[in-house]
Amino acid sequence: MTEWFAMVMGAGLFVLMIPIIYRIFKGPTGFDRILGVNVIGTKTAVLLVIIGTLYGRVEMFVDFALTYSLLNFVAAIVVSRYLNRTISLKEMEAREKAKGGAKA
Amino acid sequence: MTDHSMICLLAAAVENGEVGFLPLKIIGFASGVVGLIFFLGTAVGMVRFPDFYTRMHAAGKGDTLSTMLMLGGFGLVTMEDFSVGSWLLLIKILAVILFIYLTTPTSSHALMRAAFEDDEMPMTEDDLKKSKRKGKRKK
Amino acid sequence: MKILSLIPIIAIGGLLLWAAQDFPKWGDVESPASKSPVSSHFIGKTGVDTEVPNMVTAVLADYRGFDTMFETVVVFIAGMAVLAILKGSTRGNSRRKDHEVEAEPDLIVTNTVRLIVPVIQIFAFYVLAHGHVSPGGGFQGGVLMGASFILIALSWDLEKAVSRFSIERCMIVAALGIVIYGGIGLLSMMLGGEFLDYAELERVLPVSREMARYHAMLGVEIGVGFTVTAIMFALYANLSSEGSLKQGL
Amino acid sequence: MYPIIIFLLLMLNWVILSGKFDAFHLGLGVISCLVVTWISQDLLYHDRRKGIGERLREAGAFIQYLPWITWEVVKANLHVFKLAMTKQGQEEMSPRVVTFETYLKTDFAKFVLANSITLTPGTITMLIRGDVFHIHTMSQFLEDDLLTGAIERKVAEVFEPEVLSKK
C-alpha cells in the first residue's frame with residue numbers, strides 16, 4: 001500500500017514538473033528560468049523522501065532532502081546576488097560610456 | 001479529544017494488533033494528495049500567469065504549502081511503530097518542513113529584488129488589460 | 001544553429017541509452033562486480049575488521065587510507081595554487097575598482113542566514129561524525145561547513161566573512177587537517193605498525209583493536225573535514241574577488 | 001548568559017539529527033556544539049540587551065503566532081489556485097506595487113513581517129529601504145487588507161509590545 005502510494009506520488013510529481021520545464025525552456029527572462037529551477041529543486045527534496053520510502057530507508061534519505069533544500073536556497077541566493085552584481089556592472093559601463101560621450 | 005490522548009489510544013491499538021495505525025496512514029495519504037493538488041495550481045500558474053512577478057506568486061506560495069503537505073504526509077505514512085526512532089524520524093521531517101518554511105519566502109524575495117533592480121518593471125493593471133485585448137483581437 | 005547542435009546530442013544520448021541495456025541488473029548476483037572475490041571479501045570482513053557498519057567509509061579511510069590521504073593533499077595543493085596565482089595579481093583589480101557598487105546587505109536575506117548558519121554548522125558536524133553509520137564523512141561535512149561561510153560572504157559581503165575566518169587562519173586550518181591525518185599515520189608507525197595501520201593505536205586508546213580502527217577513522221575524517229572546509233572557503237574568497245578579498249561576487 | 005541558551009538549543013538540534021543516545025555520540029555532540037557556539041554565537045540573538053523573561057515571552061508569543069500564519073499560507077494557496085484555474089480569477093487579477101511605512105523598529109521584527117507578508121495571500125515583499133516596504137500585490141481587496149495593518153499588529157504583539165501601547 002505504502003509503496004503503491006509512493007509510486008503514484010512520484011509519478012504525479014513528474015507529470016506536474018512538465019509545465020515547469022516548459023517554463024524553463026521558454027521563459028522570456030532569465031529570472032523565469034531560475035524560478036522554474038528553484039521550484040523543481042524544492043520538489044526534488046520531496047522526491048528524495050519518496051525514493052527513501054521505496055527503498056525502506058527514510059531516515060537516510062531525509063538527510064539528503066535537508067541537504068538538497070539547503071543547496072536550493074544557496075543556489076537562489078547566489079543567482080540573485082550574481083545577477084544583481086552583473087546588472088550594476090552593466091549599468092556602470094553604460095554610465096561610463098555616457099560620461100565619455102560628454103567629454104568628447 | 002486532545003491530540004496527545006489520541007496518539008496514546010493509537011499506540012495502544014497497535015500493541016493490541018488492531019488496524020490501529022491505519023488512521024495515521026489515511027491522513028498521510030490525504031495530505032499527500034492535497035499537496036499534489038496545490039502543486040497542480042503552482043504548475044498551471046507558472047504557465048498561465050502573464051509576467052515574472054505574478055509567476056513568482058504562484059511559485060513562492062504554492063511551493064511552500066505543497067512541499068510541506070507532501071513531506072508531512074510521507075512522515076505520517078512511514079510512521080510504522082511508535083518507537084523512539086520513528087518519532088525522531090517524524091521530528092526530522094518536521095525540521096525539513098521548518099527549513100523550507102523559512103527559506104522559500106526568503107529566496108523568492110531575493111529573486112524578486114534582483115529582478116526589480118534589473119529594471120524589469122512589473123506589469124500593471126493597464127498592461128494586463130491591453131495584453132488581454134490584444135489576445136482577443138488575435139482570436 | 002541550436003537545432004543543428006541538438007541532433008548530435010540526441011544521437012549520443014540515444015546511443016548511451018541503447019548501450020545501457022547491456023548493464024547487469026541492479027543487485028544481480030551474476031554480474032562481474034558481485035562475482036569477483038574482492039567485493040565478497042570486503043562485504044564479509046569489514047564488520048569484523050573495523051566494526052564500522054558503513055562499508056564505504058571503511059574502504060575509503062582504512063583499506064584505502066593512502067589514497068584518501070593524498071586526495072586531501074591534492075585539495076590542499078589546489079588551494080595553495082589558487083592563492084599563489086591570485087594573491088599578487090593586480091591586473092584585474094584596477095579595472096574592477098571602478099565598477100564596485102554600494103549594495104547594502106539585504107535585511108531579509110541576512111536575517112535568514114543568521115538563523116540557518118548555526119544549524120548548517122551543526123549539520124556539518126553531524127555528517128562528519130556519523131560517517132560510520134550513515135552516508136557522510138570528512139569531504140561532505142567539510143563542504144557543508146565551507147558552504148556556511150560562503151553563505152555569510154554572499155549575504156553580507158566578503159569582508160564580513162573574511163573577518164570571521166581570515167585567509168591566514170584558513171591556511172593554518174587546512175595544513176592542520178593534513179597534519180592530523182599524517183600524524184595519526186605516523187603515530188601508528190611509531191607504535192610498531194605500518195604507516196596508517198590504525199590497529200596499533202590500541203596501545204594508547206583504551207579500546208580493542210577493532211574499535212581502535214573505528215576511532216582512528218573518525219580522527220582521519222576530522223582531518224579531511226578541516227582541510228576541505230578551509231580550502232572551500234579560500235577558493236571561493238579568492239576566485240570571486242580575483243584575489244583582492246573585497247566585495248566578492 | 002546567551003551563549004548557554006544557544007548551546008542548549010544547538011544540543012537539542014544535535015539530538016534530533018543524531019538520534020543516538022550513547023555516551024560516545026553525545027560526547028561528540030557536546031564538542032561540536034561547543035565549537036559552533038564559539039564560532040557563530042554572535043549571529044543568533046542579535047540584540048543582547050533583552051532579559052531572559054522577555055525572550056521567553058517572545059518565544060511563547062511566536063509559537064502562538066505560527067498557527068495563524070499557517071492558516072494564512074493555506075488561504076494564500078487557495079487564492080493562487082483560484083487565480084490559476086478559474087476564468088473569474090484571471091479577470092480579477094490586477095498586479096501592482098504598493099508602498100507603505102512600518103512602525104516596527106528592530107531588524108528581526110521587520111524580517112518576520114516581510115516574510116509573513118510574503119506568505120499571506122497575494123502579496124510578496126519586493127524591497128525594503130529603511131522603514132519603507134515595497135510590496136507586489138495581485139488584487140485590489142488584498143491591498144486594502146494589507147494597508148489596515150493586521151499583520152503588522154500581529155508581529156508587533158510578538159516582538160515589540162511597547163510600540164503598540166504607545167500608539
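Just so we're on the same page: letters track the sequence lines, and every chain starts at 1. This structure is a prediction, so every number in the text was calculated from the model and none was measured.
- Listed here is the closest heavy atom pair of C:G219 and C:I180: O-CG2, 3.7 Å.
- Only the side chain of D:V35 comes within contact range of chain C, judged by heavy atoms closer than 4.5 Å.
- Note: D:L17 leads D:D107, D:T118, D:L17, D:L28 in heavy-atom pairs under 4.5 Å with chain C.
- Between C:F195 and C:F66, the ring center distance clears the sub-6.0 Å criterion.
- For chain D, the nearby part of C:L218 is the side chain; its heavy atoms alone come within less than 4.5 Å.
- Contact annotation for D:I39: both backbone and side-chain heavy atoms come within less than 4.5 Å of a heavy atom of chain C.
- The two residues C:G177 and C:T227 have their closest heavy-atom pair at CA-OG1, 3.4 Å.
- No option in C:V228, C:T229, C:V127 other than C:V228 meets the side-chain contact (heavy atoms from CB on, under 4.5 Å) test with C:V143.
- Ring pair D:F24/C:H215: centre-to-centre distance below 6.0 Å.
- Residue contact with chain D, scored on non-hydrogen atoms closer than 4.5 Å, is absent for C:S148.
- Looking at C:F165, neither its backbone nor its side chain comes within 4.5 Å of chain D, counting heavy atoms on both sides.
- Summarising the geometry of C:H130 relative to D:W14, their closest heavy-atom pair is NE2-CZ2, 3.9 Å, with the distance given to 0.1 Å.
- The most heavy-atom pairs under 4.5 Å with chain D, out of C:L115, C:T110, C:V119, C:V117, come from C:L115.
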